[in-house]
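Naming: A, B, ... by sequence-line order, numbering from 1 per chain.
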Amino acid sequence: IQQVGFSYDWEREIDTTDPHYYRWTQWIFMKLFEKGLAYESEKPVWWCDGCKAVLANEEVDANGTCERKGHKDVYRRPLRQWILKITAYAERLLKDLDLLDWSEPIKEMQRNWIGKSTGAEVTFPLEGHPRGSGDPETGYPLKACGNDTENDAIRVFTTRPDTLFGATYMVLAPEHAMVAKLTTPDQKMAVDAYVATATHKSDLDRTDLAKDKTGVFTGAYAINPVNDKKIPVWIADYVLMGYGTGAIMAVPGHDTRDLEFAQAYKLPIEIVVQAPEGKESLGFVGDGVSVNSGLITGLPTPEAKQKITKWLEEKKIGKEAIQYKLRDWLFSRQRYWGEPIPVVHCAKCGPVLIPESELPLMLPEMKDYTPTGNAEPPLAKAADWLKCKCTKCGGPAKRETNTMPQWAGSCWYYLRYLDPKNATAPIDPKKEKYWMNVDLYVGGAEHAVLHLLYARFWHKVLYDIGVVSTLEPFQKLTNQGMILGEDSQKMSKSRGNVVNPDVMIAQYGADSLRLYEMFMGPLEMTKPWANSGVEGVYRFLGKVWRLFIDKEDKLHPSIVQRTPNAAELKTLHKAIKKVTEDLEGLRFNTAISALMIFMNEIASEQDHSREMLEKFLLLLAPLAPHVAEELWQRLGHTTTLAYEKWPAYDDQYLVEDQAEMAILVGGKVRAKMVVSRNESDDAIRKMSLEHPRVKELLVGKVVKKVIIVPGRTVNLVVADA
RNA sequence: GCGGUCGUGGCGAAAUGGCAGACGCGCAAGACUUAGGAUCUUGUCCCGAAAGGGGUGGGGGUUCAAGUCCCUCCGGCCGCACCA
């Protein structure tokens with residue numbers, strides 16, 4: 001049986017400074033590059049003028065303050081970066097979630113993060129570029145695309161093509177490449193000023209929903225292709241460059257944001273969807289019936305969407321389209337520590353991979369690997385290392401100075417862990433086949449999106465190039481809940497509520513700490529720490545110890561060689577069954593409580609069967625391994641209990657001869673009776689009706705029905721006579 | 001705003017739709033002790049002397065039976081957040 005459990009503590013499981021680990025991580029990058037899944041692009045990074053350094057996202061707080069030194073002068077600055085094209089795998093990452101045994105909330109988080117929307121792309125010609133000025137074949141301006149300044153049309157994405165007739169204006173993101181081209185001379189000053197402020201705003205300012213929407217008219221007009229109406233083109237920062245085409249058709253009648261904007265700037269608003277009975281049509285964003293909408297008037301929203309999309313396709317001015325919220329993955333860091341990216345830059349050939357024979361490419365030894373003071377990464381200071389030859393043309397070239405993020409190693413450590421010393425391949429295919437995929441992955445919910453999405457992406461790429469044989473890396477995923485401080489707040493140094501495990505171990509031992517963490521409550525639940533709780537499980541372990549060991553530190557004389565009696569067997573097998581099933585389901589808290597019940601039940605016995613106590617130790621072992629192992633040895637065993645067979649339970653010992661049943665009259669517990677196990681339903685019915693207390697209650701009533709739940713309850717359904 | 005999740009004693013929590021509060025903490029009383037912050041025993045949801053009654057965030061519903069299923073409202077936590 002393969003039971004591989006992993007937790008996200010990978011830097012302890014893998015030697016991250018191992019040159020071979022560098023080699024294969026870089027090798028995977030090369031495969032990504034070869035497949036066109038790694039590309040360079042200008043992307044903004046946080047720059048702190050005070051530190052004179054690039055900051056990581058987590059080093060900038062919500063107000064745009066540098067968390068290192070508290071500098072206020074942090075802003076976005078575009079930088080050449082390596083990007084991985086995770087969006088090319090968006091559909092597979094979404095679809096294959098169905099193959100996984102993960103909790104629904106985590107799957108849902110990934111689905112939201114990937115954010116698939118189905119709708120349509122529609123091309124809006126610009127005024128002054130009539131039909132025919134674009135593509136000669138279609139007779140329509142098709143040269144419409146987000147960043148193409150040769151456009152004579154604007155392309156938008158919408159999930160509501162059925163509201164096209166209500167599109168009364170258009171909005172471009174301030175960064176949209178068409179802005180400069182479109183803007184009329186008299187609007188240029190206003191537009192330039194708006195664009196300048198927008199780029200200096202922090203993301204937080206821009207996405208603050210509480211703030212009023214702002215924007216500027218460009219002076220240009222577009223034509224709504226469904227009704228040939230002339231509509232103004234605006235720019236506004238509520239439209240994001242990073243999603244869709246960076247441009248929208250605004251339908252103020254049926255989009256909350258567009259409505260807000262239209263009201264602020266007195267733009268026309270048209271109602272094109274009739275809301276259902278009792279709801280206001282203005283601002284209605286749900287499904288209704290199309291009105292004032294030409295060929296789709298009278299159709300319910302879903303059908304209207306279909307029909308208008310088909311019409312757009314026929315006219316070659318639009319088509320069905322899918323958009324994802326998922327963005328490509330910014331993969332480079334301006335840090336020293338990290339795997340160097342195995343690329344050289346040649347003036348003639350551009351970015352080129354180094355030869356595979358040169359792997360691993362290690363970091364150069366540097367006296368000073370602090371930031372350079374400009375946006376260049378620290379490696380830019382390693383002059384000798386930097387100089388190299390172009391792989392393609394042999395001419396002079398420079399090494400890439402960005403390094404990989406920590407995510408790189410964490411994306412495939414679970415594979416390398418199975419074959420950590422392999423120098424000729426990332427992993428031996430035989431080992432991969434034997435072990436993969438990971439049966440159980442335990443980690444915090446903080447990895448729900450980033451790590452678990454990145455690792456799945458790499459895994460799928462490795463699948464495509466034949467390195468792994470499974471579509472997904474982690475079959476079952478469980479998120480352990482966070483343990484809060486005793487004040488029910490997140491543990492943090494600043495709150496001073498951090499519980500140090502070393503202190504706990506020194507005071508109570510590792511088994512007590514471990515046992516308490518499992519006993520606190522369900523694994524996946526957030527729960528507060530309580531020192532008194534540790535005390536409780538510590539006492540339990542003390543009780544166990546004293547059961548085996550007497551005051552002279554010798555094996556307790558009450559442990560004798562004898563067959564357990566029926567009562568003991570019942571106690572034992574009850575515990576075996578419960579612990580076995582609970583461990584399977586990761587319900588450690590109730591497994592431990594079953595062991596406590598076992599202890600309570602045998603507490604009053606004069607002597608104990610050795611055989612029974614040995615089985616008990618085996619049950620305890622996974623939960624408190626040190627104590628269990630020590631007692632195992634004290635019993636005279638010379639080998640570890642780790643390799644002993646897990647005890648099996650036998651249902652025959654669990655059968656109760658008698659059961660106490662509750663008698664319910666009209667749904668309320670009114671009496672109790674003891675019945676033997678094999679009593680027939682008829683007999684039970686008779687006994688319950690003859691119970692003196694029940695007889696009293698039944699005066700003036702008739703019993704209409706009797707429902708018997710074996711061994712538990714008898715419910716007498718009554719009515720007035 | 002959207003998505004998710006959770007509301008049960010003084011506290012952490014149990015409970016295939018079938019006797020709510022298992023187990024542990026805390027508390028109380030007792031035992032053993034020179035002593036106990038060690039250990040053991042007993043008790044501990046609320047009202048009530050008892051008989052009995054009430055009780056799983058509020059309200060409604062389904063069911064012979066609801067902590068559990070459905071609707072609705074309130075509150076906490078987590079994630080995303082102007083995603084067109």
[X] versus [Y], closest heavy-atom pair with distance:
X	Y	answer
A:Val195	A:Ile235	CG2-CD1, 3.8 Å
A:Ala247	A:Leu172	CB-CD2, 3.4 Å
A:Ala262	A:Ile269	CB-CG1, 4.0 Å

Taking [atom1] from [X] and [atom2] from [N], how many angstroms apart are they, rounded to a whole number?
X	N	atom1	atom2	answer
A:Asp487	B:rG12	CG	C1'	15 Å
A:Leu664	B:rU63	CG	C1'	14 Å
A:Ile549	B:rU39	CD1	C1'	17 Å
A:Glu108	B:rG3	CD	P	10 Å
A:Glu486	B:rG10	CD	C1'	16 Å
A:Ile707	B:rA66	CD1	P	12 Å
A:Leu595	B:rA22	CG	P	18 Å
A:Leu716	B:rG18	CG	P	19 Å

Would you say a side-chain N or O of [X] is under 4.0 Å from OP1 or OP2 of [N]?
X	N	value
A:Asn112	B:rG4	no
A:Arg111	B:rG4	no
A:Arg693	B:rG52	yes
A:Arg670	B:rG53	yes
A:Ser117	B:rA84	yes
A:Lys578	B:rC23	no
A:Asn715	B:rC19	no
A:Arg539	B:rG26	yes

Side chains of A:Ile549 and A:Leu631: closer than 4.5 Å at any heavy-atom pair?
->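 Touching, per the 4.5 Å side-chain cut-off.
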Kindly say whether, by distance alone, the side chain of A:Lys704 makes a donor-acceptor pair under 3.5 Å with the base of B:rC64?
->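 No, the side chain and the base share no sub-3.5 Å donor-acceptor pair.
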Has the side chain of A:Lys213 got a donor or acceptor atom sitting under 3.5 Å from an opposite partner on the base of B:rC82?
->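 Side chain to base: pair present.
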Can you check whether A:Ile322's main-chain N or O pairs, donor with acceptor, with A:Thr118's side chain at less than 3.5 Å?
->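 Not a single qualifying donor-acceptor pair exists.
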Using a heavy-atom cut-off of 4.0 Å across all strands, would you classify [X] as base, sugar-phosphate, or nothing?
X	value
A:Ile597	sugar-phosphate
A:Glu660	base
A:Lys668	sugar-phosphate

If we call it a pair only when both distances are under 3.5 Å in a Watson-Crick or G-U wobble match, what pairs with [N]?
N	answer
B:rG52	B:rC47
B:rC80	B:rG1
B:rU62	none
B:rU68	none

Take atom C1' in B:rC71 and the same atom in B:rG21, then report the distance between them in whole Å.
->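 Taking atom C1' in both B:rC71 and B:rG21, they lie 28 Å apart.
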When you match A:Met520 and A:Ile592 each to their closest nucleotide on RNA chain B, which lands nearer the 5' end?
->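 Nearer the 5' end of the strand: A:Met520.
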Closest nucleotide of RNA chain B for A:Thr590 versus for A:Lys543: which of these residues is on the 5' side?
->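 Going by which nucleotide is closer to the 5' end, it is A:Thr590.
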Face-on cation placement of A:Lys213 at A:Tyr238 ring, 6.0 Å and 45° thresholds =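 Pair A:Lys213/A:Tyr238 counts as cation-pi.
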Please work out whether B:rG57 sits syn or anti, treating a glycosidic angle within 90° of 0 as syn.
->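 Anti.
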